[in-house]
Student: 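Have a look at this one before I ask anything.
Predicted model, so just to flag it, every value in this text is computed and none were measured.
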Amino acid sequence: MGFIDWFTFKSKEEREADERRYRRYVFPYGDKQREAVAGLIAELMPKEPASTAMAVFLIGKEGYLGSIRMHPEDREARTEAQRVSGAVQALKKQLLGKNSVYIPTYLALILADASVGEELIYPSPDELRARAAELSRDLQPRREG
């Protein structure tokens with residue numbers, strides 16, 4: 001939310017419509033998709049509070065997808081590298097210090113969720129952990145020497 005949004009007043013109906021639009025944006029397959037993601041989050045990060053972990057996931061997913069406020073054509077024009085970079089940057093702002101170790105796990109889940117179809121067949125938690133380990137290596141800063 002930007003500064004200008006502080007001065008924008010919306011009716012209850014407008015707020016509810018915005019919420020429905022956002023839910024369709026992040027979970028195009030509805031509540032079953034949200035529940036599947038919540039279940040995976042609980043298995044991958046059992047010590048994290050569920051609401052906090054879901055908020056971090058959603059922030060990272062929005063970084064991947066592009067802002068809901070972006071023109072749809074601009075969102076679609078982003079390359080996969082730009083999407084991944086957007087997710088990583090969004091996650092880095094949320095997961096500071098020791099919590100930064102979770103970035104690859106969230107990213108693995110975001111990537112799996114972005115490619116899931118209507119059947120909602122997600123990789124297993126073990127497969128997501130393995131993908132997170134690969135991503136962790138990929139995200140390490142390259143050292144020259």
Student: So, the side chain of Arg78 versus the backbone of Leu65: is there a donor-acceptor pair under 3.5 Å, distance only?
Tutor: yes
Student: What pair of heavy atoms forms the shortest contact from Leu139 to Pro104, and how long is it?
Tutor: CD1-CG, 4.2 Å
Student: Does one hydrophobic cluster hold both Leu120 and Phe57, with members joined at side-chain heavy-atom distances below 4.5 Å?
Tutor: yes
Student: Identify whether the distance between the nearest side-chain nitrogen and carboxylate oxygen of Asp18 and Arg21 falls below 4.0 Å.
Tutor: yes
Student: Glu62 versus Tyr22: any side-chain heavy-atom pair under 4.5 Å?
Tutor: yes
Student: So do the side chains of Gln94 and Asn99 get within less than 4.5 Å of each other, counting heavy atoms only?
Tutor: no
Student: Give a yes or no answer on whether the side chain of Gln82 reaches the backbone of Thr79 with a donor-acceptor pair at less than 3.5 Å.
Tutor: yes
Student: Any side-chain heavy-atom pair from Val56 and Leu91 closer than 4.5 angstrom?
Tutor: yes
Student: Classify the side-chain pair Tyr64/Glu80 by whether it contains a donor and acceptor separated by less than 3.5 Å.
Tutor: yes
Student: So that I can tick it off, tell me whether Glu35 and Lys32 are bridged by a salt bridge, with the cut-off set at under 4.0 angstrom between side-chain N and carboxylate O.
Tutor: no
Student: Is there side-chain contact between Arg129 and Thr105, with heavy atoms separated by less than 4.5 Å?
Tutor: no
Student: Taking the side chain as every heavy atom from C-beta outward, state whether Arg131 and Pro123 have any pair of such atoms under 4.5 Å apart.
Tutor: no
Student: In terms of side-chain geometry, is the basic nitrogen of Glu19 or Arg23 positioned less than 4.0 Å from the acidic oxygen of its partner?
Tutor: yes
Student: Just checking, is any N or O donor in the side chain of Asp113 or Gln33 under 3.5 Å from an acceptor N or O on the other one?
Tutor: yes
Student: Measure the shortest side-chain to side-chain distance between Tyr122 and Glu127 over non-hydrogen atoms and say whether it is less than 4.5 angstrom.
Tutor: no
Student: Quick one: does Met54's side chain get under 4.5 Å of Ser51's, heavy atoms only?
Tutor: no
Student: Between Val26 and Ile68, is a side chain to side chain contact (heavy atoms under 4.5 Å, CB included) present by the stated rule, with each step listed?
Tutor: CA-CA 9 Å; Val26 293; Ile68 193 169; over 6 Å; no
